[in-house]
Enquirer: 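There's a structure below that I have some questions on.
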Amino acid sequence: MLNALSRSLFLALARRPVLASLLVRGGMRRPDSFVRRFVGGETIAELVSTLREIDGQGFTHTFNHLGEHVQSAEAARAAVRDYVDVIDAVAAAGMECKVSVKLSQIGLELDRGLCLEHLRQILVAADRRNGFVRVDMEGSRVLDDTLDVFDTVWGEGHRNVGVVLQAYLRRTEADLRRVIERGGRVRLCKGAYNEPSTIAFRSREDVDAAFIRLMRLLLSEGTRPAIATHDPHMIDATRTFAHERGVAPRDFEFQMLYGVRRDLQEALRDEGYTVRIYVPFGPEWYPYFMRRLAERPENVRFLVRSLIDEYVGRPAR
Ligand SMILES: Cc1cc2nc3c(=O)[nH]c(=O)nc-3n(C[C@H](O)[C@H](O)[C@H](O)COP(=O)(O)OP(=O)(O)OC[C@H]3O[C@@H](n4cnc5c(N)ncnc54)[C@H](O)[C@@H]3O)c2cc1C
């Protein structure tokens, strides 16, 4: 009950940046701060150095320039320019360009046509660098539009694009079958938003059962599946199923968030699996950071301790 309350509270705070950024305004200033554990830096230079470190440890990466729900066409255009700059900078540093983008950041809620044009620009920029663009999935309000934009660029022949589907939504099996039929690439995750029980499974058991069902479908029939989870049970189920079906480790990948369950990331890497780390970066880290807090009560305790340390001048743990 307490967990559910704190989850709802932090998801609500995620939508009130001004109020709650006061709480964590010092969050990015120190390299050892709690925010930096989840966010790969605020600048392109910091991102490049984080990606270099990740690649050097034997992982692969995808980066996300943080931002969502832009309020103007100019802000959406600026986000696209930022993406193109980051793609060029990461390629110039000799690293692969795997991008994750939220369509609400490039204008989905303002004008679908504008968003489509913006996504095309990012796809072309990534393609020039041999890169790949994953369309993140946001709240259910924009789900149909997100899938529609994905379908449109796919139909136009763009092949360096994939999409995310969320196991907690009751409709996802149908969506997954449709994307698989078209040959599209899917990242499967549990889902990070607060959705009503009319459209989403709410209990852990139901979400986990759906995740396993969908993972099996994706691994059996999908193209280059990405299994995004830190849940050891979901990881075991994936490993076991892949082994039983003869799906080789090179034919799918695990994906995890930067700073989350580094022990599991290393263990899977050491077993020979591809582990892609999702690295968010940029000044607009606040809503992303709040969703990570909402996922785990221990994170809130950790944050409070860090803030106390910060304000009384002791090193953050
Ligand atoms: C690469 C990647 C991309 C994603 N993209 C999307 C997306 O596009 N749309 C979307 O809705 N969601 C996305 N998510 C988030 C996802 O939906 C879940 O909210 C998140 O991954 C937590 O679920 P879990 O599968 O890790 O399992 P859980 O059961 O929630 O967590 C399992 C264990 O992982 C650890 N853990 C989980 N979260 C945290 C945390 N924040 N801090 C510390 N430890 C933690 C804990 O040990 C926990 O017990 C993405 C996740 C990943 C890994």
Side-chain angles (χ1 to χ4, degrees), residues 3-4 6-7 10-11 14 34-40 54 59-64 66 68 98-105 108 132-143 146-147 150 162-169 172 175 185-195 199-212 214-215 225-238 252-265 267-268 274-280 285 287-303 306:
N3 286 359
S6 74
R7 181 176 157 82
F10 279 93
L11 288 174
F34 185 66
V35 181
R36 281 302 292 268
R37 175 186 168 142
F38 294 107
V39 177
I54 287 170
F59 298 107
T60 57
H61 64 252
T62 175
F63 53 85
N64 168 252
L66 288 164
E68 48 198 276
K98 297 285 166 73
V99 182
S100 290
V101 63
K102 289 189 173 37
L103 295 188
S104 74
Q105 185 184 11
L108 185 64
F132 178 81
V133 179
R134 179 78 64 177
V135 175
D136 281 350
M137 190 53 78
E138 304 176 66
S140 56
R141 206 157 47 96
V142 294
L143 176 90
T146 302
L147 288 177
F150 171 74
V163 72
V164 178
L165 293 175
Q166 299 151 321
Y168 65 10
L169 292 181
T172 293
D175 291 330
R185 283 166 63 171
V186 171
R187 170 200 294 155
L188 178 67
C189 66
K190 286 191 185 178
Y193 298 81
N194 222 353
E195 303 289 2
I199 61 164
F201 301 113
R202 300 279 299 184
S203 76
R204 186 175 184 99
E205 295 71 35
D206 288 346
V207 175
D208 287 359
F211 190 98
I212 291 175
L214 297 165
M215 171 275 289
I227 307 297
T229 181
H230 320 89
D231 183 339
H233 302 297
M234 300 302 106
I235 291 170
D236 276 350
T238 305
F252 69 101
E253 63 186 41
F254 286 107
Q255 297 193 349
M256 298 195 202
L257 301 176
Y258 181 63
V260 176
R261 290 305 303 257
R262 286 174 284 205
D263 56 334
L264 284 180
Q265 297 174 3
L268 287 170
T274 300
V275 181
R276 189 172 301 284
I277 310 293
Y278 180 110
V279 185
W285 46 265
Y288 173 86
F289 176 70
M290 290 314 248
R291 281 198 292 277
R292 301 291 79 80
L293 286 184
E295 274 161 4
R296 204 176 173 228
E298 285 89 330
N299 286 348
V300 181
R301 287 195 276 280
F302 199 102
L303 172 70
S306 302

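Whatever order the structure lists them in is the order used to number ligands and atoms, beginning at 1. Just so it is clear, the model here is predicted, and its values are computed rather than measured. Position 1 is the first residue of the sequence, and the numbers go up from there.
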Enquirer: Are any of the side-chain heavy atoms of Phe132 and Lys98 separated by less than 4.5 Å?
Expert: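 When only atoms from C-beta onward are counted, Lys98 and Phe132 do touch, with a gap below 4.5 Å.
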Enquirer: I'd like to check Leu264 versus Phe254 (side-chain heavy atoms, cut-off strictly below 4.5 Å). Are they in contact?
Expert: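 Sidechains of Phe254 and Leu264: no contact.
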Enquirer: Between ligand 1 and the protein, give all atom pairs where both partners are nitrogen or oxygen and the distance is under 3.5 Å, as lines of names plus distance to 0.1 Å.
Expert:
from	atom 1	to	atom 2	distance (Å)
ligand 1	5 (N)	Arg187	NH1	3.3
ligand 1	8 (O)	Met137	N	3.0
ligand 1	9 (N)	Met137	O	2.8
ligand 1	11 (O)	Gln166	NE2	2.9
ligand 1	11 (O)	Ala192	N	3.0
ligand 1	17 (O)	Gly191	N	2.6
ligand 1	19 (O)	Glu295	OE2	2.7
ligand 1	25 (O)	Thr229	OG1	2.7
ligand 1	26 (O)	His230	N	2.9
ligand 1	26 (O)	His230	ND1	2.7
ligand 1	27 (O)	Lys190	NZ	3.3
ligand 1	29 (O)	Lys190	NZ	2.9
ligand 1	29 (O)	Arg204	NH1	3.2
ligand 1	29 (O)	Arg204	NH2	2.6
ligand 1	34 (O)	His230	O	3.4
ligand 1	38 (N)	Glu295	OE1	3.3
ligand 1	41 (N)	Arg292	O	3.0
ligand 1	41 (N)	Glu295	OE1	2.9
ligand 1	41 (N)	Asn299	ND2	3.4
ligand 1	42 (N)	Asn299	ND2	2.7
ligand 1	47 (O)	Arg261	NH1	3.4

Enquirer: State whether Arg291 and Glu68 are salt-bridged, where the test is any N-O pair (Lys NZ or Arg NE/NH1/NH2 against Asp/Glu carboxylate O) under 4.0 Å.
Expert: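 Counted as a salt bridge, because a side-chain N and a carboxylate O are separated by less than 4.0 Å.
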Enquirer: Residues in salt bridge (charged side-chain N to carboxylate O under 4.0 Å, His left out) with Arg276, at least two apart?
Expert: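 Applying salt bridge (charged side-chain N to carboxylate O under 4.0 Å, His left out) to Arg276 gives Glu96, Glu253.
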Enquirer: Got a sec, which residues hit side-chain contact (heavy atoms from CB on, under 4.5 Å) with Pro280, two or more places apart in sequence or on another chain?
Expert: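 Only Asn64, Leu66, Tyr258, Tyr278, Tyr288 meet the side-chain contact (heavy atoms from CB on, under 4.5 Å) criterion with Pro280.
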Enquirer: Could you pull out all residues at least two apart from Arg134 that satisfy salt bridge (charged side-chain N to carboxylate O under 4.0 Å, His left out)?
Expert: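 Testing Arg134 for salt bridge (charged side-chain N to carboxylate O under 4.0 Å, His left out), a comparison that skips the adjacent residues, returns none.
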